[in-house]
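Chain naming here is simple, since letters A, B, ... match the order of the sequence lines and numbering starts at 1 in each. As a basis for the values below, the full set of heavy atoms in this structure was taken, side chains included, without hydrogen atoms, waters or symmetry mates.
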There are 6 protein chains.
Amino acid sequence: MANSYETGRLNLPFVGIATFGKRPYVADWGRIEAEVAVMGAPFDFGTQFRAGARFGPRGVREASTLFSFGHAGAYDHEDDATYLPQSVRIVDIGDADIVHTDTAKSHANIRAGVEAMLKAGALPVVIGGDHSVNIPCIEAFAGQGPIHILQIDAHLDFVDERHGVRVGHGSPMRRAAEKDYVSGLTQVGIRNVSSTARDGYEAARAMGSDILSVRQFRALGPAGVAARIPAGARVYVTLDIDGFCPSIAPGTGTPSHGGFLYYEVLELLQHVAQAHQVVGMDLVEVAPDYDAGQVTSVLAAQVLLNFLGFIFHAKGFR
Amino acid sequence: MANSYETGRLNLPFVGIATFGKRPYVADWGRIEAEVAVMGAPFDFGTQFRAGARFGPRGVREASTLFSFGHAGAYDHEDDATYLPQSVRIVDIGDADIVHTDTAKSHANIRAGVEAMLKAGALPVVIGGDHSVNIPCIEAFAGQGPIHILQIDAHLDFVDERHGVRVGHGSPMRRAAEKDYVSGLTQVGIRNVSSTARDGYEAARAMGSDILSVRQFRALGPAGVAARIPAGARVYVTLDIDGFCPSIAPGTGTPSHGGFLYYEVLELLQHVAQAHQVVGMDLVEVAPDYDAGQVTSVLAAQVLLNFLGFIFHAKGFR
Amino acid sequence: MANSYETGRLNLPFVGIATFGKRPYVADWGRIEAEVAVMGAPFDFGTQFRAGARFGPRGVREASTLFSFGHAGAYDHEDDATYLPQSVRIVDIGDADIVHTDTAKSHANIRAGVEAMLKAGALPVVIGGDHSVNIPCIEAFAGQGPIHILQIDAHLDFVDERHGVRVGHGSPMRRAAEKDYVSGLTQVGIRNVSSTARDGYEAARAMGSDILSVRQFRALGPAGVAARIPAGARVYVTLDIDGFCPSIAPGTGTPSHGGFLYYEVLELLQHVAQAHQVVGMDLVEVAPDYDAGQVTSVLAAQVLLNFLGFIFHAKGFR
Amino acid sequence: MANSYETGRLNLPFVGIATFGKRPYVADWGRIEAEVAVMGAPFDFGTQFRAGARFGPRGVREASTLFSFGHAGAYDHEDDATYLPQSVRIVDIGDADIVHTDTAKSHANIRAGVEAMLKAGALPVVIGGDHSVNIPCIEAFAGQGPIHILQIDAHLDFVDERHGVRVGHGSPMRRAAEKDYVSGLTQVGIRNVSSTARDGYEAARAMGSDILSVRQFRALGPAGVAARIPAGARVYVTLDIDGFCPSIAPGTGTPSHGGFLYYEVLELLQHVAQAHQVVGMDLVEVAPDYDAGQVTSVLAAQVLLNFLGFIFHAKGFR
Amino acid sequence: MANSYETGRLNLPFVGIATFGKRPYVADWGRIEAEVAVMGAPFDFGTQFRAGARFGPRGVREASTLFSFGHAGAYDHEDDATYLPQSVRIVDIGDADIVHTDTAKSHANIRAGVEAMLKAGALPVVIGGDHSVNIPCIEAFAGQGPIHILQIDAHLDFVDERHGVRVGHGSPMRRAAEKDYVSGLTQVGIRNVSSTARDGYEAARAMGSDILSVRQFRALGPAGVAARIPAGARVYVTLDIDGFCPSIAPGTGTPSHGGFLYYEVLELLQHVAQAHQVVGMDLVEVAPDYDAGQVTSVLAAQVLLNFLGFIFHAKGFR
Amino acid sequence: MANSYETGRLNLPFVGIATFGKRPYVADWGRIEAEVAVMGAPFDFGTQFRAGARFGPRGVREASTLFSFGHAGAYDHEDDATYLPQSVRIVDIGDADIVHTDTAKSHANIRAGVEAMLKAGALPVVIGGDHSVNIPCIEAFAGQGPIHILQIDAHLDFVDERHGVRVGHGSPMRRAAEKDYVSGLTQVGIRNVSSTARDGYEAARAMGSDILSVRQFRALGPAGVAARIPAGARVYVTLDIDGFCPSIAPGTGTPSHGGFLYYEVLELLQHVAQAHQVVGMDLVEVAPDYDAGQVTSVLAAQVLLNFLGFIFHAKGFR
């Protein structure tokens with residue numbers, strides 16, 4: 001099929017409404033017909049330092065327009081492949097409704113969105129919001145069969161409870177590990193001091209986690225890390241943008257130096273896409289107001305679009 | 001009819017896709033059914049100092065969500081009036097297609113958008129882009145009957161030609177004055193040195209302009225200025241955001257101190273809405289990258305929404 | 001007594017730990033011995049647009065150092081008065097403990113702080129945080145006798161309940177008006193569309209509110225407005241920084257054009273200090289991350305320090 | 001003579017080397033041949049809060065290009081006058097050499113620059129730098145006959161000595177008042193608490209100062225204030241940008257709310273230019289790194305160019 | 001010869017007019033007498049996402065002052081060499097005249113500047129502006145003998161024509177490859193999706209391009225890549241700053257993650273300088289308004305000055 | 001002992017007064033009782049390009065709160081160690097008093113602070129301020145026995161005297177090398193052109209310096225570099241933040257590309273802590289106003305806290 005720029009509009013990146021990748025907006029969650037559905041989860045009451053992740057969905061959408069030139073797919077000369085041909089239908093279903101002051105209602109609305117995407121048979125992609133939005137995302141997978149979680153993050157996020165808080169952004173992996181349909185976790189990028197203390201690490205390992213720091217990841221290489229994910233696992237990926245080095249991801253609430261560079265994560269995700277079934281993903285903690293030059297949002301969009309390309313290329317969409 | 005927040009979503013300002021006022025997006029310009037249609041014109045090759053007005057439409061749309069609480073209309077306690085009830089249908093038709101390096105094609109696309117809005121019977125609202133986008137806007141009014149132009153601006157924008165340039169952002173009012181269907185101009189806020197020299201002022205007055213500085217405006221008052229517009233005129237309003245004081249509109253390409261404060265413009269527009277038929281408008285030169293704190297985009301959205309409220313209130317929409 | 005710069009350190013504004021006004025920090029809330037106690041309430045889950053007010057206390061404290069030259073009091077040549085002599089002891093008691101994801105616990109901790117200040121006989125000054133922090137502040141006044149609330153704000157903040165939310169930043173004045181010890185409200189600066197609809201205004205008036213817009217304030221003048229507060233009332237002042245014009249207060253979550261200029265609020269507060277007993281105050285919605293050039297934090301510090309100066313000058317501290 | 005844009009280059013503001021007003025750079029201070037010479041004094045070790053005024057000269061020069069359209073003079077339609085015709089030769093002589101850690105040498109170099117400008121018969125215009133650079137400027141006027149100083153500022157700057165500091169930015173007016181050739185001072189805009197205590201005000205008045213706050217200025221009006229300057233005085237103007245309201249001058253080290261708006265200062269300067277001989281000027285405390293949107297630098301350039309226009313228009317340059 | 005700081009001024013980086021490297025400004029393009037001439041080309045109508053490269057020349061000039069300490073050459077202890085001794089005369093010839101709205105005239109003016117530099121026998125260095133400015137630069141080399149182009153860039157820039165656009169920033173390498181005096185291209189850093197689709201890559205290779213991604217570059221090493229440039233080639237280097245990683249070059253219009261780190265490019269350029277005759281260069285797409293902390297401009301200045309040092313060191317200037 | 005979050009407050013990073021690591025503030029320098037004392041030295045008149053390091057102490061303190069979760073020590077899963085248990089008492093003694101315009105007095109006050117910390121037996125940690133503050137720090141070690149200096153920096157800082165300046169930020173290592181109790185220097189990260197010319201390098205080597213560039217460091221590895229420090233040396237570490245790559249340390253006065261990444265410095269410091277007695281440290285040149293996203297301040301805090309952890313872990317504090 002012809003590129004849009006040949007048949008109609010030039011459609012430069014800075015032109016037009018900023019949906020994700022400039023893809024169609026579907027307001028009716030009962031009528032999602034696509035391979036991929038993208039939803040924003042602009043919730044940030046779960047943060048412990050800087051807020052602002054509520055503007056993550058808008059920021060990532062805006063940045064994603066940079067990669068939306070109206071081509072019939074995205075050609076990658078290194079792989080000699082055209083990713084995301086038009087047969088990979090991607091839709092933007094807007095944002096889950098957030099209720100200020102009320103964490104429970106906000107999380108419930110996020111869960112409902114993921115459930116709608118799953119019901120429609122679309123791959124759910126959730127853009128946070130803080131990492132607590134992962135909690136309702138994982139809850140939506142109840143009854144869908146076992147999943148393995150691949151977390152890319154600076155922080156372990158394995159706090160059980162503190163001052164009564166069980167659903168803040170320091171706890172999602174603990175909440176996930178408690179689910180009987182979560183068969184295991186691979187947690188990579190974990191480093192430095194955070195809200196999880198020693199007992200959290202011990203609990204994680206006891207509950208089935210494989211924890212790797214950035215330096216441990218580097219010693220193994222992307223392929224080596226990917227190989228540690230159990231064969232045949234249905235993989236859910238949760239990507240906290242602070243897993244990356246602050247040099248390319250300054251726009252986040254709790255930056256931590258010593259994080260991943262771009263190709264490390266890209267290659268890990270490419271290996272995962274080739275070897276596993278990816279059943280869902282979220283990308284969280286982008287806070288555009290701290291993102292001078294917009295590089296964090298651009299990173300988020302670039303990683304998401306490439307990962308989606310890898311997934312559907314592996315599935316035979318050419 | 002019930003407010004949206006009672007029947008469904010809370011829909012806080014930071015939630016959801018950023019169309020203008022979160023109103024519906026209409027991609028098909030042949031199917032505009034609304035009282036008001038809003039189009040972006042993200043063109044900025046006509047600027048003489050700082051660029052960046054290409055992101056004006058996105059910036060104003062984003063800011064406009066602040067005023068979109070999901071109420072059944074906007075209640076103003078000073079006027080004891082509810083503006084923009086749901087009977088005033090507003091749609092966002094996206095952006096005119098811009099072709100980099102090519103001013104003529106870009107302008108032609110803008111003109112086509114305004115023509116589509118006029119054909120649909122909707123009040124055209126164009127968000128720039130630099131002030132040169134006014135040129136195709138006015139061209140679209142050919143054959144629609146005489147119009148009077150009310151310009152709010154720091155600069156006269158009356159350069160005829162310089163180094164061959166006739167359609168830059170220093171010339172729109174000259175181009176407008178040349179049209180036989182432009183019956184006159186009221187140019188307010190004009191001050192300080194700019195790209196128009198003395199001969200430009202003389203030409204403007206010779207071609208039917210009424211030129212007022214900010215201080216002259218203050219001496220007359222908003223009602224006095226509104227009264228200088230010919231009775232019965234069909235008025236097109238072109239609002240260059242740099243007509244405002246840089247204290248509330250820093251985010252623009254060529255700021256000029258000594259500009260209008262908020263109520264001065266608001267009250268002028270309210271008088272115009274009550275006394276005249278407003279047939280179209282553009283708001284130009286918002287450059288979000290220079291707009292720390294987003295106050296300029298908020299100003300643009302606030303003025304546009306209030307002006308639209310005044311216009312349709314005067315027409316009996318309650 | 002000698003100025004500190006004569007006896008020891010020069011103590012320039014940029015030097016030293018940033019407590020409020022560089023005054024002593026009192027960690028033990030059972031040992032507050034001062035005329036004035038300042039507490040931060042860094043809670044911002046109640047916001048409906050931009051967050052970031054959690055850094056309001058740090059931002060205002062930092063800016064307050066600009067006005068802390070180590071003089072023996074602050075000389076004002078217009079009033080020929082030295083405000084805040086050393087006999088007015090001001091202490092900074094730090095922040096109320098905030099629990100992420102949990103509005104109820106966070107508010108309870110704020111209330112406990114105000115109760116401690118009241119118990120110590122100090123004038124409580126609370127720096128927000130979003131405007132919802134006013135709710136626990138007012139609750140702390142239970143059993144203290146009747147109070148009249150003077151609100152300076154762009155928004156009426158009189159939403160009763162929406163989607164179950166009763167304690168967000170759109171509701172504090174409603175919650176206050178419900179208290180039997182709140183004898184009335186004077187709400188000034190209210191303008192433009194906001195989260196309060198027409199029925200909110202009607203309810204406010206029915207519950208004893210006197211509502212004035214900025215333009216209505218200007219018609220009356222500061223003295224005229226101050227005179228509308230009932231004689232003899234014990235006045236609690238709640239100052240939402242968005243009551244000011246965005247030109248001087250861009251650093252806030254929901255800016256609204258057309259707000260107050262500096263002297264308008266200063267003179268109102270001076271009149272109130274001279275004619276009434278001020279029993280407490282909060283200043284809310286400063287969001288430093290949106291405050292390029294730090295002018296909003298400087299405004300907040302400047303207003304607070306001057307208001308405290310007026311209050312204790314009226315009480316005879318010279 | 002023809003405009004430059006007719007004979008050669010269009011020379012848009014964003015094009016070319018940023019000298020002041022894009023005027024010629026004269027490196028040899030022994031060969032200044034001009035009516036006006038502009039020199040930068042990028043010294044900021046005299047500041048007591050935020051530094052950064054060292055980039056004031058570069059910032060003001062860059063902003064001044066906005067007003068340099070290549071016209072044969074700047075036409076002002078309010079005055080129906082063309083200011084700064086080409087007969088008013090303006091040159092930029094670069095910056096005084098600054099020696100880090102060494103206040104005395106840096107000040108001496110500034111003094112040498114002003115002496116060179118005076119020797120050449122050019123009107124000296126110095127762009128700071130912090131307000132301490134006024135000290136060597138005034139020293140350079142020794143032996144030139146009596147001068148009266150008009151200071152526009154938020155702060156009195158009349159500290160005699162503190163911790164041994166006599167030449168910081170809190171002392172220039174005290175240093176000036178001590179000179180036998182300084183016949184008096186008019187200090188306007190002075191407000192709020194600052195580094196000068198009560199005894200400083202008393203000393204200033206005793207040494208011949210006329211001190212006016214912003215509100216006192218407003219009561220008198222620009223003409224009324226100008227009339228308080230002794231008839232026949234040779235006037236040196238020192239303009240601290242923080243004399244302006246932070247809404248239009250956020251980019252400065254010690255902002256103070258309640259300052260002047262644009263026309264107030266412009267009209268005062270116009271009156272002074274018409275009634276007095278202006279013998280020199282400095283504009284200080286512009287700190288571009290705090291100047292989001294560049295509005296402070298634009299203000300500085302706009303005021304300087306207009307003031308120069310008024311001065312030479314009054315002298316008969318048309 | 002003695003350093004300038006011994007004979008006259010200390011000349012700290014923040015002091016003085018910001019020409020490139022604080023070198024002399026030559027306004028008369030007929031009188032260029034230097035080994036190197038630097039010209040700005042502040043044109044950005046060719047951009048497809050963020051504009052602002054028009055301020056690239058000013059930004060790079062300002063940053064270049066950081067490396068202008070007044071030494072007699074720049075000593076590099078790693079190479080134990082003093083680069084850029086005073087015998088390497090560098091002049092700044094200002095900017096090509098840009099005509100807003102008119103791409104053809106603007107490009108023609110850039111071409112004229114490069115022709116003037118070539119005619120004078122100076123090595124032309126052009127600072128963009130967007131990458132389309134490379135088109136007139138290459139045109140100026142007509143009749144100068146064959147050249148080989150080394151492009152460092154994230155994007156292939158090989159679009160032939162789209163919507164009539166042939167001279168935007170997505171096409172310069174296609175336009176160059178069409179020239180009969182361009183003997184070949186080496187394009188390094190190319191990665192990820194861009195405006196060039198698969199057919200563009202095929203065309204490039206067919207027209208003589210050697211295309212290398214960042215990862216392919218890393219596998220070869222800088223020396224290995226340099227060795228792929230034909231022996232004896234006269235090399236023109238075009239450096240799009242987005243070839244670098246956004247971590248060190250965020251200030252650009254279309255950032256792309258996964259780019260070069262500093263030493264990779266530095267060492268490639270050093271190898272090229274040692275093995276080839278460099279006949280010209282441009283450095284494009286620096287957009288200072290997106291460059292928080294000024295690191296992109298500093299990078300551009302640092303690379304240019306080092307590359308010039310390598311070139312003339314290889315030529316025997318010591 | 002229990003964590004603070006179990007016994008009392010949750011104490012999230014954004015809550016509370018920003019002392020270093022939220023540790024106790026000790027105002028009386030005669031009563032320091034701690035293993036570590038932290039003092040700010042907010043002096044920046046010694047800078048040669050951008051100022052602003054005066055806000056370094058406040059910036060680093062604020063960022064340090066991110067790492068202050070109230071745990072009983074900081075657990076590092078890579079080392080399986082808990083660093084900084086409560087037995088390592090850290091206090092913040094505030095800032096040395098700075099006297100504007102007066103370098104000598106300011107430096108003397110810094111020296112007095114370090115002397116007080118040494119007298120109390122606490123490890124002195126000084127946060128600058130520009131690198132000239134190292135001069136009084138080293139002076140305070142007079143009479144304490146020999147020390148070896150490990151400098152991490154982009155610049156050699158070995159200027160003897162220029163224009164009379166001997167104590168600017170280009171000279172501290174020269175001043176240190178002159179001390180008879182400084183037994184040697186290891187200077188790592190040194191690169192590119194700076195204020196030190198060739199003769200400075202020669203002098204440094206003659207006076208006992210071991211100079212390594214970043215690339216030379218990489219060839220040796222952190223352990224290899226640490227091994228070059230003489231066995232048994234008492235090591236003072238001076239860390240100029242510009243030793244790091246601008247990608248992670250943009251917020252500094254004189255950024256230089258090609259600097260260290262995080263783990264390089266971290267591992268060097270860990271080796272030093274394990275093999276040597278660290279007797280003091282300073283971290284200088286953080287300039288928060290150039291630090292978009294706060295990543296430089298976060299880096300400084302993260303490095304300091306980890307280094308302190310390594311030091312006391314090596315001493316047996318577990």
Side-chain angles (χ1 to χ4, degrees), chain C residues 3-15 21 62-84 244-251 259 261-267 290-303 305-306 309, chain D residues 46-52 154-156 158-159 161-165 168-170 187 190-202 204-205 209 211-216 218 242 245-259 261 287-293 295-296:
Chain C
N3 292 332
S4 73
Y5 58 77
E6 290 174 354
T7 56
R9 294 164 60 90
L10 181 55
N11 203 9
L12 292 174
F14 64 83
V15 174
E62 215 286 331
S64 74
T65 65
L66 173 54
F67 304 103
S68 306
F69 279 86
H71 299 274
Y75 179 68
D76 185 305
H77 78 94
E78 290 189 86
D79 296 347
D80 190 24
T82 294
Y83 293 115
L84 297 179
F244 283 100
C245 179
S247 67
I248 51 174
L261 301 179
Y262 175 67
Y263 290 117
E264 292 170 332
V265 169
L266 190 76
E267 293 175 6
Y290 298 99
D291 189 27
Q294 203 181 1
V295 296
T296 313
S297 287
V298 167
L299 176 65
Q302 193 170 342
V303 167
L305 283 163
N306 275 295
Chain D
T47 48
Q48 294 173 292
F49 190 42
R50 309 192 296 208
H155 310 96
L156 195 70
F158 221 85
V159 172
E161 183 274 334
R162 201 173 294 157
H163 278 242
V165 180
H169 78 161
Q187 302 183 273
I190 315 307
R191 59 192 186 272
N192 210 45
V193 61
S194 78
S195 60
T196 306
R198 176 182 244 145
D199 57 359
Y201 286 88
E202 292 166 352
R205 291 199 179 91
S209 278
I211 303 171
L212 294 171
S213 74
V214 171
R215 289 183 287 190
Q216 290 161 343
R218 287 175 181 164
D242 68 23
C245 178
S247 67
I248 51 175
T252 191
T254 53
S256 178
H257 286 279
L261 301 180
D289 292 313
Y290 298 99
D291 189 27
V295 297
T296 313

Might you work through the side chain to side chain contact (heavy atoms under 4.5 Å, CB included) test for D:Asn192 and C:Asn306, ending with a clear yes or no? CA-CA 9 Å; D:Asn192 210 45; C:Asn306 275 295; 3.0 Å; yes
Rounded to the nearest 0.5 Å, what's the gap from OH on C:Tyr75 to CG on D:Asp199? Could you check?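 Separation between the atoms: 10.0 Å.
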Distance in Å, D:Ile211 CD1 paired with C:Glu78 CD, rounded so as to fall on 0.5 Å steps: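 Going from CD1 on D:Ile211 over to CD on C:Glu78, the span is 11.5 Å.
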C:Glu264 versus chain D, the contacting section by heavy-atom distance below 4.5 Å: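 For C:Glu264, neither part sits under 4.5 Å from chain D.
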Residue pair C:Phe14 / D:Gln48: nearest heavy atoms and the distance that separates them: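 Residues C:Phe14 and D:Gln48, closest heavy atoms: CD2-O, 3.2 Å.
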Could you check whether any side-chain heavy atom of C:Ser247 comes within less than 4.5 Å of a side-chain heavy atom of D:Ile248, counting everything from C-beta outward?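 The answer is no, as the side chains (C-beta and beyond) never meet within the 4.5 Å cut-off.
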Which one of D:Ile190, D:Val165, D:Thr47 has the most heavy-atom pairs closer than 4.5 Å to chain C?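 Highest number of heavy-atom pairs under 4.5 Å: D:Ile190.
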Can you tell which of D:Pro250, D:Gly200, D:Gly258 has the highest number of heavy-atom pairs within less than 4.5 Å of chain C?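 Among the listed options, the one with the most contacts to chain C is D:Gly258.
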What residues form a side chain to side chain contact (heavy atoms under 4.5 Å, CB included) with D:Val214, not counting sequence neighbours?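 Side chain to side chain contact (heavy atoms under 4.5 Å, CB included) list for D:Val214, sorted by chain: C:Tyr263, D:Arg191, D:Arg218, D:Phe260.
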For the pair D:His257 and C:Val295, evaluate side chain to side chain contact (heavy atoms under 4.5 Å, CB included) and give the outcome as yes or no after the intermediate values. CA-CA 8 Å; D:His257 286 279; C:Val295 296; 4.3 Å; yes
Listed by chain and number, what are the ring pair (Phe, Tyr, Trp, His ring centres under 6.0 Å) partners of C:His77, not counting sequence neighbours?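 Result, ring pair (Phe, Tyr, Trp, His ring centres under 6.0 Å) vs C:His77: D:Tyr201.
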May I ask you to name which of C:Leu261, C:Leu305, C:Asp80, C:Leu266 has the most heavy-atom pairs under 4.5 Å with chain D?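 Ranked by contacts with chain D, first place is C:Asp80.
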